[in-house]
2 protein chains.
Amino acid sequence: MSLPHAILTALLEKPSSGLELTRRFDRSIGYFWSATHQQIYRELGKLEQAGQIRALPSEQPARGQKKEYEVLPAGREALSAWVARSEDPKQIRDPLLLRMRAAAVVGAPGLDAELRRHLGLHRRQLAEYLEIEKRDFPPERNLDEDRLRHLVLRGGIDLENFWIGWLTRALAQDGQPSP
Amino acid sequence: MSLPHAILTALLEKPSSGLELTRRFDRSIGYFWSATHQQIYRELGKLEQAGQIRALPSEQPARGQKKEYEVLPAGREALSAWVARSEDPKQIRDPLLLRMRAAAVVGAPGLDAELRRHLGLHRRQLAEYLEIEKRDFPPERNLDEDRLRHLVLRGGIDLENFWIGWLTRALAQDGQPSP
DNA sequence: CGGCGCATGTAACAAGTTACATGATTTG
DNA sequence: CAAATCATGTAACTTGTTACATGCGCCG
């Protein structure tokens with residue numbers, strides 16, 4: 001139930017075509033809800049049919065032609081209703097934790113290398129987030145409308161820090177087996 | 001690709017029937033990879049057909065009858081191969097972060113209450129994990145085979161701590177609007 | 001024997017993934 | 001014009017979710 005609302009949010013921030021949305025999902029919004037272009041086109045079709053968005057009038061709406069969408073009042077209302085809704089946090093679902101649990105049963109040759117690899121990836125992602133923070137939320141201007149977006153980004157930063165901390169401790173412990 | 005391996009791991013730890021697996025997924029393994037009984041039955045069927053597990057011989061394998069499964073050598077090999085495989089960490093996918101991003105666009109009445117509710121839920125989950133840690137991994141016996149399982153649990157604990165920290169900061173900031 | 005809990009399933013759907021198809025526009 | 005790129009889309013499949021169906025055994 002999240003993808004359509006992610007799309008509505010993105011379209012409210014700026015009307016876009018399918019491919020533009022896809023690219024924006026690869027950057028900002030996609031950091032918290034990723035989607036492929038196939039998913040996005042399918043969902044745009046449904047939203048249009050449901051009367052929540054509409055294609056901006058253009059010359060020739062043909063196959064290889066760009067098609068821009070904007071949010072209709074009904075779409076904005078649907079998004080508001082969704083924001084107000086309450087929903088329990090999902091269970092954790094992480095292949096690496098599961099893999100480690102499996103390793104406890106069948107043995108774990110080479111798990112160390114995988115942990116180190118993940119550590120590197122998370123460090124890189126953290127650096128990227130910090131870069132965005134420096135660029136988009138400098139300490140000078142403290143606009144109220146930015147506050148929520150900054151909090152979301154902070155969530156991503158804290159989450160990467162969690163992984164880095166956990167992986168570091170796991171590797172440290174693995175280096176020196178039980179005394 | 002994770003569910004079958006979660007099931008193989010659980011079955012190696014202890015041969016079980018479908019419902020028993022479901023219940024164990026509600027407790028230990030499910031903390032990191034949840035599944036409903038329908039998913040589990042479907043997957044047990046596939047694994048059996050693939051020759052990775054087999055039903056223990058019983059008197060009358062009828063519909064309302066319990067059916068226990070054990071892992072065959074092929075299954076153990078498949079699990080080992082999966083553990084050794086490397087896989088990139090998934091993108092974050094969290095409805096609450098997305099909801100907050102949407103709230104930045106359409107406004108956020110009542111978001112505070114939702115954050116407080118989540119804070120409570122995460123505190124409860126943390127308490128549950130700490131209880132399990134105290135019970136299953138007391139500081140006395142420091143068995144090597146437990147090390148990986150303890151690390152997995154630590155992952156869960158750290159993750160809950162991340163949420164608690166982030167939600168607390170978000171609420172504190174929301175209490176005193178920008179000066 | 002009637003209802004409840006245990007246990008195993010089926011069916012239909014929704015969401016996400018992977019591979020491929022097609023038309024339009026630019027550019028060497 | 002051929003190739004690359006932009007842009008939209010189809011099809012088939014896998015995974016996850018929701019609702020319901022069926023049989024067994026126990027207990028009041």
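Just so it is clear: chains get the letters A, B, ... in the order the sequence lines come, proteins before strands, and each one is counted from 1. When reading the values below, keep in mind they use all heavy atoms of this one structure, side chains included, and skip hydrogens, waters and symmetry mates.
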Y31(B)-Y129(B) aromatic ring centre distance below 6.0 Å: yes
For the backbone of [Y] and the side chain of [X], can you confirm whether one donor and one acceptor N or O come within less than 3.5 Å of each other?
| X | Y | answer |
| --- | --- | --- |
| S34(A) | G30(A) | no |
| T22(B) | E20(B) | no |
| R24(B) | L11(B) | no |
| W166(A) | L151(B) | yes |

Quick one: [X] [atom1] to [N] [atom2], roughly how many Å, whole number?
| X | N | atom1 | atom2 | answer |
| --- | --- | --- | --- | --- |
| L47(A) | dT8(D) | CG | C1' | 17 Å |
| K66(A) | dT5(D) | NZ | P | 18 Å |
| M1(B) | dT15(D) | CE | P | 7 Å |

Members of residues 85-99 of chain A that approach DNA chain D, where some heavy atom sits under 4.0 Å away: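 Within residues 85-99 of chain A, the residues near DNA chain D are R93(A).
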Distance below 4.0 Å between K67(A) side-chain N/O and dC6(D) OP1 or OP2: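 Result: no.
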With H122(B) via ring pair (Phe, Tyr, Trp, His ring centres under 6.0 Å) - residues at least two apart: W163(B)
Contacts of E87(B) that satisfy side-chain hydrogen bond (donor to acceptor under 3.5 Å, both in side chains) - sequence neighbours left out: R99(A)
Close approaches to DNA chain C from residues 6-19 of chain B, in residue order (heavy atom, under 4.0 Å):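 When residues 6-19 of chain B is checked for heavy atoms under 4.0 Å from DNA chain C, the hits, listed by number, are S17(B), G18(B), L19(B).
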Residue-level proximity of residues 24-45 of chain B to DNA chain C when a heavy atom falls under 4.0 Å: H37(B), Q38(B), Y41(B)
E68(B), E48(B), E70(B) screened by salt bridge (Lys or Arg N to Asp or Glu O under 4.0 Å) with R54(B), the one that passes: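 That would be E70(B); it is the only one of E68(B), E48(B), E70(B) passing the salt bridge (Lys or Arg N to Asp or Glu O under 4.0 Å) with R54(B).
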Residue pairs passing the salt bridge (charged side-chain N to carboxylate O under 4.0 Å, His left out) test where at least one lies in residues 158-168 of chain B, sequence neighbours excluded: R169(A)-D158(B), R154(B)-D158(B)
Minimum side-chain heavy-atom gap L98(A)-T9(B) below 4.5 Å: no
